[in-house]
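Read the structure below first, then the notes.
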Amino acid sequence: MRGVSRALIAGKPMLNSPSNAPLDDRVRSEGDPAGGPRRDLHEPRSFAPAASRAAAPDQSLAPYAPSALCDPEGVQIDLAHWNHERLGPALPARGWHLDLKRQSAMLLLESTWIETLREEVYDRAQAAPRRPAAFIAWFEDLKTTGPGQSDPLFPWLAEHADEDAMRWFLTQEAAGEAGFDDLVALTQVKLPTEAKLELARNYWDEMGRGNVGGMHGPMLTRAIDALNLQPSIDQTVWPSLALANTMTAFATVRRYAWHSVGALGVVELTAPGRVALVGAGLKRLGFPPVVRKYFDLHAVLDIKHSEDWNANALRPLAEEHPECLPFIAEGALMRLICGRRCFDVYREHFKLGAATRTTDCTPALPSRLQ
């Protein structure tokens, strides 16, 4: 809901990477097949065979996926359903070997999507400073200069949206909620000690410090239930699904762990202003405290969370492992771009017109997915 590289710097080996790995991971291997496998019952419907290498929309992605991505809405619906299934507890079943085949196809689709986003932010992420203090300043500046910041959608929600509009907005956001507590828990695995401790403190807050009534996830669920909203994947605009899918990929795929640190940190940084405006709109419309509590809490708590995240997670990482900074920067920018695309679609739905773009030069949609 709070939706609403690649070079070694100090000669240290990158964490969890072989010391002789390519420093620029845009360098791709040669010899991938010209066409992709035909789709069967266990492959995502969003993969389409590429006729040839020349027909592939982005050659740099070819080794990651032998097929070209098509239909961004279908991609995100497939990924959202898959994430819902794979993250939930399950029981052993006879068809486990078929499930592994589907998992492989979906992982390929997921990473192809993530790599398209990485290409978009590469230049800006590379421009981020490598010195700790300068990097923290650059990161904190994303609150004003990052994609999607100061979007006119949120003042409109606070001051002008009617009840139907607010309900539609909350339904879209609820369907695209990835679960901040689970994302933090998944991200902290094997992180360096100081960063791991900060994510643990953040997680404990998300869990209501052991109090069921204070848990943030159920708090949002109670708000949705009180409004009698019925969020569903298939009725949600694809950018909202893409935001949740991107955050889930960061947290579950360990080669994107640094991206997850950046993405989660930038949520804490940028969310308070937005959720405060949503809370103001809910209060203006007369919604009860059970609906407003989640938003009012995060409007205040996330300010402290952001300060602690930057001081106790980002700064130690920047000091001890500067090689991870471009990836942290990528994750932050990718998360903000996903959010900005949600805001664009929401404004289009409400017929509010386009926002003025002053700091974000990326296209409204990734051209290779159009």
Side-chain angles (χ1 to χ4, degrees), residues 5-6 16-17 21-22 24-88 90 95-122 178 183 186-187 233 238-239 241-260 263 327 330-331 334 337-338 365-370:
S5 45
R6 309 181 192 191
N16 298 324
S17 297
D24 187 335
D25 64 4
R26 291 185 300 174
V27 177
R28 314 298 187 187
S29 61
E30 297 296 331
D32 55 294
R38 292 186 178 182
R39 176 178 172 262
D40 65 21
L41 293 177
H42 301 286
E43 292 183 87
R45 60 183 169 84
S46 302
F47 264 136
S52 67
R53 283 185 63 93
D58 181 358
Q59 294 304 309
S60 68
L61 292 177
Y64 289 97
S67 302
L69 278 175
C70 65
D71 179 17
E73 182 176 16
V75 168
Q76 301 308 327
I77 289 174
D78 280 352
L79 288 174
H81 281 294
W82 176 59
N83 282 326
H84 179 75
E85 295 169 8
R86 69 162 170 158
L87 294 180
W96 60 266
H97 56 294
L98 297 177
D99 183 60
L100 288 178
K101 182 177 181 181
R102 178 170 180 257
Q103 295 276 347
S104 178
M106 293 305 298
L107 286 168
L108 185 60
L109 178 63
E110 176 184 67
S111 290
T112 303
W113 165 255
I114 294 299
E115 292 300 319
T116 67
L117 292 179
R118 289 192 62 213
E119 291 290 340
E120 289 187 60
V121 304
Y122 176 78
L183 296 176
L186 290 165
T187 299
I233 290 172
W238 75 263
L241 300 178
L243 187 154
N245 291 335
T246 299
M247 296 295 288
T248 301
F250 286 166
T252 56
V253 180
R254 297 313 290 166
R255 66 178 173 275
Y256 299 132
W258 305 121
H259 291 78
S260 194
F327 305 101
E330 284 183 2
M334 291 161 71
I337 284 177
C338 287
L365 295 174
S367 59
R368 59 185 66 103
L369 297 182
Q370 290 179 346

Review point. Would a 4.5 Å heavy-atom cut-off, applied to side chains only, mark R118 and Y256 as touching?
Key: yes
Review point. How many angstroms lie between atom CD1 of I337 and atom CD of E330, to the nearest 0.5 angstrom?
Key: 10.5 Å
Point to revise | I233 versus L241, closest heavy-atom pair with distance | key: O-CD1, 3.7 Å
**Study point:** Residues which pass side chain to side chain contact (heavy atoms under 4.5 Å, CB included) with A244, listed by chain and number, not counting sequence neighbours
**Key:** A178
Check your understanding: Roughly how far apart are D99 CG and K101 NZ, rounded to 0.5 Å?
Key -> 12.5 Å
**Study point:** Non-hydrogen atoms of A251 and L186 that approach each other most closely
**Key:** O-CB, 3.5 Å
Practice item. Before giving the answer on side-chain contact (heavy atoms from CB on, under 4.5 Å), spell out for R86 and L107 the whole-Å C-alpha distance, their side-chain angles and the decisive distance to 0.1 Å. Key: CA-CA 11 Å; R86 69 162 170 158; L107 286 168; 4.2 Å; yes
**Study point:** Close side-chain approach of V75 to T112, heavy-atom, < 4.5 Å
**Key:** no
**Study point:** Residue list, side-chain hydrogen bond (donor to acceptor under 3.5 Å, both in side chains) with H81, at least two apart or on another chain
**Key:** D234
Exercise for review: Could you pull out the closest heavy-atom pair between S260 and T187, with the gap in Å?
Suggested key: OG-OG1, 2.6 Å
Exercise for review: Check for a donor-acceptor pair, side chain of T116 on one end and backbone N or O of W113 on the other, with a separation under 3.5 Å.
Suggested key: yes
**Study point:** V253 vs H259 side-chain heavy atoms within contact, under 4.5 Å
**Key:** no
**Study point:** Close side-chain approach of M106 and D78, heavy atoms under 4.5 Å
**Key:** yes
**Study point:** Residue list, side-chain hydrogen bond (donor to acceptor under 3.5 Å, both in side chains) with R254, at least two apart or on another chain
**Key:** none
Review point. Do you know which two heavy atoms are closest between A242 and C338, and how far apart they sit?
Key: O-SG, 4.3 Å
Point to revise | Any Q103 side-chain heavy atom under 4.5 Å of W82 side chain | key: yes
Study note, to complete from the structure: For M334 and I114, the nearest pair of non-hydrogen atoms, with its separation, is CE-O, 3.6 Å
